[in-house]
Colleague: 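There's a structure below that I have some questions on.
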Amino acid sequence: MRHLIDTTDISVAEVDRIINTALDIIENREKYSSVCKGKKLATLFYEPSTRTRLSFTSAMMELGGNVLGFSDAASSSVTKGETVADTVRVIGCFADIIAMRHSKEGAPLVASHYADVPIINAGDGSHAHPTQTLTDLLTIRREKGRLDNLTIGFCGDLKFGRTVHSLIKAMSRYENINVVLIAPEELRLPSYIRREVCDKNNVPTREVSTMEEVLPELDILYMTRVQKERFLDEEEFERLKDSFILNPERMQLAKKDMIVLHPLPRVNEITRAVDNDPRAAYFRQVENGKFVRMALIYTLLQWAQESPAEGLTPRLGDELVRNDWRCSNRQCVSATEDVDHLFHQTEDGYRCAYCEARVKNN
């Protein structure tokens with residue numbers, strides 16, 4: 001059974017297949033209008049979402065399928081103490097595919113170990129957001145005509161921004177990609193991502209403190225908001241929230257064909273005056289999200305028919321180590337649910353399979 005928990009769960013060839021399917025959907029909407037007739041998508045959203053949840057709903061409806069689920073954990077059996085594992089086992093009796101958003105990092109991975117239907121990670125804490133990454137890739141492909149030979153700047157919250165982490169992983173697999181990291185010191189990209197993704201894939205990466213010094217060389221500027229909900233200290237949030245704001249004056253420094261992306265929602269990191277600039281692609285990016293999710297749902301259901309679920313659950317990868325170590329990350333699903341303690345070995349030791357936190361004193 002194929003799931004999408006992280007962007008790297010699918011090969012570059014499979015990513016290209018999904019993107020090409022999305023492009024075909026854009027050109028031939030009627031051709032796909034009933035390909036999921038009789039199929040049901042369950043949207044299990046344990047934390048708030050507007051764009052992603054409605055994008056999945058719209059995608060399934062345009063494929064001719066139906067949608068069920070919940071948009072608030074308070075309206076589900078989680079309030080009674082039901083685990084993620086039990087929830088997906090139950091929902092799998094009613095639906096053919098599940099899209100899950102959860103505040104705990106690694107929750108969709110837990111779901112994939114127990115589900116007999118495909119699981120799509122629609123965002124887990126600050127860990128990963130692979131369908132947003134597919135959205136970004138489709139947008140770049142449509143706007144720039146390619147996914148290689150690009151210089152991309154990531155600006156804002158690079159520490160907690162799951163969209164940034166996922167897109168860097170995805171872009172690192174293409175040729176001649178240059179990454180520029182624009183962030184305050186407190187919100188810099190986690191060192192393990194830079195080391196294990198960029199360095200390992202020979203992606204040139206550098207950190208700068210202002211947009212002005214790099215805007216003239218960027219093909220893509222990926223803006224992110226400083227997420228208040230990811231801060232434990234509200235004073236720190238107030239101090240940093242206005243650190244980097246894109247406005248028309250700064251846009252004058254950029255290439256004529258640079259594009260601006262943003263996973264949304266924005267607060268004030270892009271002024272409204274930028275919206276009318278033809279290089280502002282973030283609202284086109286939203287519509288691309290619907291098309292790529294249509295392609296993903298269609299593809300995963302096809303793969304499920306070709307390779308139905310089999311064997312015992314949970315199905316564990318051979319590369320994972322199961323033992324009694326404890327993950328120290330309070331946002332990890334293993335901190336609140338009864339799950340197998342799973343780890344994988346990296347160059348700097350072992351990391352939690354659910355949230356990628358490094359295990360200390362193992």
Side-chain angles (χ1 to χ4, degrees), residues 19 22-23 25-26 49-55 58-59 123 129 131-158 160-168 170-171 174 177-184 187 208-228 240-293:
I19 290 175
L23 293 171
I25 289 171
I26 293 168
S49 169
T50 301
R51 277 150 299 280
T52 304
R53 183 173 59 85
L54 294 182
S55 180
S58 178
H129 198 348
T131 64
Q132 179 63 50
T133 299
L134 290 175
T135 297
D136 300 339
L137 293 176
L138 175 60
T139 304
I140 294 170
R141 172 82 174 270
R142 294 188 73 189
E143 298 283 334
K144 304 298 292 184
R146 64 189 189 279
L147 290 171
D148 54 9
N149 300 303
L150 293 165
T151 297
I152 179 169
F154 293 91
C155 182
D157 181 358
L158 311 188
F160 298 104
R162 58 191 172 194
T163 59
V164 171
H165 303 169
S166 290
L167 185 55
I168 288 177
M171 293 298 290
Y174 292 90
I177 297 298
N178 293 278
V179 169
V180 181
L181 305 171
I182 314 163
L187 295 177
V208 299
S209 57
T210 67
M211 280 190 275
E212 285 85 350
E213 59 190 294
V214 293
L215 273 173
E217 64 190 80
L218 299 182
D219 298 303
I220 302 161
L221 175 61
Y222 197 96
M223 295 292 297
T224 64
R225 68 186 175 95
V226 177
Q227 303 178 76
K228 184 176 182 179
L240 293 173
K241 67 178 182 179
D242 296 330
S243 297
F244 299 90
I245 297 176
L246 183 65
N247 55 34
E249 291 71 32
R250 285 174 171 153
M251 286 294 288
Q252 291 179 5
L253 301 173
K255 292 180 180 180
K256 298 300 182 183
D257 63 346
M258 184 194 79
I259 61 169
V260 181
L261 302 183
H262 193 306
L264 300 180
R266 68 171 165 184
V267 182
N268 66 341
E269 61 275 10
I270 301 177
T271 66
R272 287 188 299 111
V274 175
D275 293 352
N276 293 328
D277 191 307
R279 294 169 291 182
Y282 32 89
F283 291 117
R284 299 192 293 273
Q285 187 179 357
V286 173
E287 186 175 28
N288 286 330
K290 178 186 68 175
F291 295 129
V292 85
R293 290 181 177 101

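Basis for what follows: all heavy atoms, side chains included, without hydrogens, waters or symmetry-related copies.
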Colleague: Please round to the nearest 0.5 Å and tell me the distance separating atom CG of Leu134 and atom CZ of Arg141.
Modeller: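 Answer rounded to 0.5 Å: 13.0 Å.
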Colleague: Under a 4.5 Å cut-off applied to non-hydrogen side-chain atoms, are Leu138 and Leu23 in contact?
Modeller: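 A side-chain contact exists here, since the closest heavy-atom pair is under 4.5 Å.
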Colleague: For the side chain of His262 and the backbone of Ala281, is there at least one donor-acceptor N/O pair under 3.5 Å apart?
Modeller: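 Answer holds: no.
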Colleague: If you measure only the distance, is there a donor-acceptor pair under 3.5 Å linking the side chains of Asn247 and Thr271?
Modeller: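 No donor-acceptor contact under 3.5 Å links the two side chains.
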Colleague: Would you indicate whether the side-chain heavy atoms of Glu143 and Asp257 approach each other to under 4.5 Å?
Modeller: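 No - every pair of side-chain heavy atoms lies 4.5 Å or more apart.
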Colleague: Going through the checks in order, is the side chain to side chain contact (heavy atoms under 4.5 Å, CB included) test met by Ile152 and Val179?
Modeller: CA-CA 5 Å; Ile152 179 169; Val179 169; 4.2 Å; yes
Colleague: Within a strict 4.5 Å, meaning less than it, do heavy atoms of the Arg250 and Ile245 side chains meet?
Modeller: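 Yes, at least one pair of side-chain atoms sits under 4.5 Å.
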Colleague: How long is the straight-line distance from CD1 of Ile25 back to CZ of Phe291, given to the nearest 0.5 Å?
Modeller: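 Between Phe291 CZ and Ile25 CD1, I get 8.5 Å after rounding to 0.5 Å.
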Colleague: Heavy atoms only: give me the nearest Thr210-Phe244 pair and the separation to one decimal.
Modeller: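 It is CA-CE2, 4.2 Å.
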Colleague: Rounded to the nearest 0.5 Å, what separation is found between the CD1 atom of Ile270 and the CG atom of Leu221?
Modeller: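 CG of Leu221 is found 7.5 Å from CD1 of Ile270.
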Colleague: Working note: Leu150 + Tyr174, criterion side chain to side chain contact (heavy atoms under 4.5 Å, CB included); need CA distance, chi angles, decisive distance, verdict.
Modeller: CA-CA 9 Å; Leu150 293 165; Tyr174 292 90; over 6 Å; no
Colleague: Could you pull out the closest heavy-atom pair between Ile177 and Asp148, with the gap in Å?
Modeller: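 Looks like CD1-CA, 3.9 Å.
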Colleague: Applying side-chain contact (heavy atoms from CB on, under 4.5 Å) between Ile140 and each of Arg146, Met171, Gln285, report the one that passes.
Modeller: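 Among the candidates, only Met171 passes.
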Colleague: Which distance, rounded to the nearest 0.5 Å, do you find between the OG of Ser55 and the CG of Asn288?
Modeller: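 Spacing of OG (Ser55) from CG (Asn288) equals 10.0 Å.
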Colleague: Which atom names give the shortest non-hydrogen contact between Met258 and Leu218, and what distance separates them?
Modeller: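 So the minimum-distance heavy-atom pair works out to CG-O, 3.5 Å.
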Colleague: Grab the two heavy atoms, one from Gly123 and one from Arg162, that are nearest each other, plus how far apart they are.
Modeller: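 Reported closest heavy-atom pair: C-NH1, 3.6 Å.
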Colleague: If only atom types and distance count, is the side chain of Lys290 paired as donor or acceptor with the main-chain N or O of Leu54 below 3.5 Å?
Modeller: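 Not a single qualifying donor-acceptor pair exists.
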Colleague: From Leu264 CG over to Arg225 CZ, what is the distance, rounded to the nearest 0.5 angstrom?
Modeller: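 Output value for this atom pair is 9.5 Å.
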Colleague: Could you list the residues that satisfy ring pair (Phe, Tyr, Trp, His ring centres under 6.0 Å) with Phe154, not counting sequence neighbours?
Modeller: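 Phe154: ring pair (Phe, Tyr, Trp, His ring centres under 6.0 Å) contacts with Tyr222.
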Colleague: Under the 3.5 angstrom rule, does the side chain of Thr151 hit a backbone N or O of Asn178 as a donor-acceptor pair?
Modeller: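 Not confirmed, Thr151 side chain does not pair with Asn178 backbone.
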Colleague: Test side chain to side chain contact (heavy atoms under 4.5 Å, CB included) on Arg293 and Thr135; report intermediate values, then the result.
Modeller: CA-CA 8 Å; Arg293 290 181 177 101; Thr135 297; 3.9 Å; yes
Colleague: Contact between Arg266 and Arg272 at the side-chain level, heavy atoms closer than 4.5 Å - yes or no?
Modeller: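 The answer is yes; the side chains approach within 4.5 Å.
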Colleague: With a 4.5 Å cut-off on side-chain heavy atoms, are Asp277 and Pro248 touching?
Modeller: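 No - every pair of side-chain heavy atoms lies 4.5 Å or more apart.
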Colleague: Does any N or O in the side chain of Arg279 come within less than 3.5 Å of the main-chain N or O of Met251, such that one atom is a donor and the other an acceptor?
Modeller: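 Looks like yes, one N/O pair under 3.5 Å.
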Colleague: Going by heavy atoms in the side chains, are Phe160 and Thr224 under 4.5 Å from each other?
Modeller: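 No, every pair of side-chain atoms sits at 4.5 Å or beyond.
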Colleague: Side chains of Leu187 and Leu158: does their closest heavy-atom pair fall under 4.5 Å?
Modeller: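 No - every pair of side-chain heavy atoms lies 4.5 Å or more apart.
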Colleague: Assess whether side chain to side chain contact (heavy atoms under 4.5 Å, CB included) is satisfied between Leu253 and Met211, documenting all intermediate values.
Modeller: CA-CA 9 Å; Leu253 301 173; Met211 280 190 275; over 6 Å; no
Colleague: Between the side chain of Arg284 and the main-chain N/O of Thr139, is any donor-acceptor distance below 3.5 Å?
Modeller: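 Checking the backbone N and O of Thr139 against the side chain of Arg284, no donor-acceptor pair under 3.5 Å is found.
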Colleague: Provide the closest heavy-atom pair for Ala183 versus Gly156 in the form atom of the first, atom of the second, distance.
Modeller: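 Between these two residues, the closest heavy atoms are CB-O, 3.3 Å.
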Colleague: Do you know the tightest heavy-atom contact between Val274 and Leu246?
Modeller: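 Nearest pair, atom of Val274 first, then Leu246: CG2-O, 3.6 Å.
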Colleague: Answer whether the closest heavy-atom distance between the side chains of Pro265 and Arg51 falls below 4.5 Å.
Modeller: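 Counting from C-beta outward, Pro265 and Arg51 do come under 4.5 Å.
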Colleague: Rounded to the nearest 0.5 Å, how far does NZ of Lys144 lie from CD1 of Ile220?
Modeller: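 Between Ile220 CD1 and Lys144 NZ, I get 7.0 Å after rounding to 0.5 Å.
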Colleague: List in chain and number order the residues that pass salt bridge (charged side-chain N to carboxylate O under 4.0 Å, His left out) with Glu217, two or more places apart in sequence or in another chain; answer none if no residue qualifies.
Modeller: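 Counting only residues at least two positions away or on another chain, Glu217 forms a salt bridge (charged side-chain N to carboxylate O under 4.0 Å, His left out) with Arg206.
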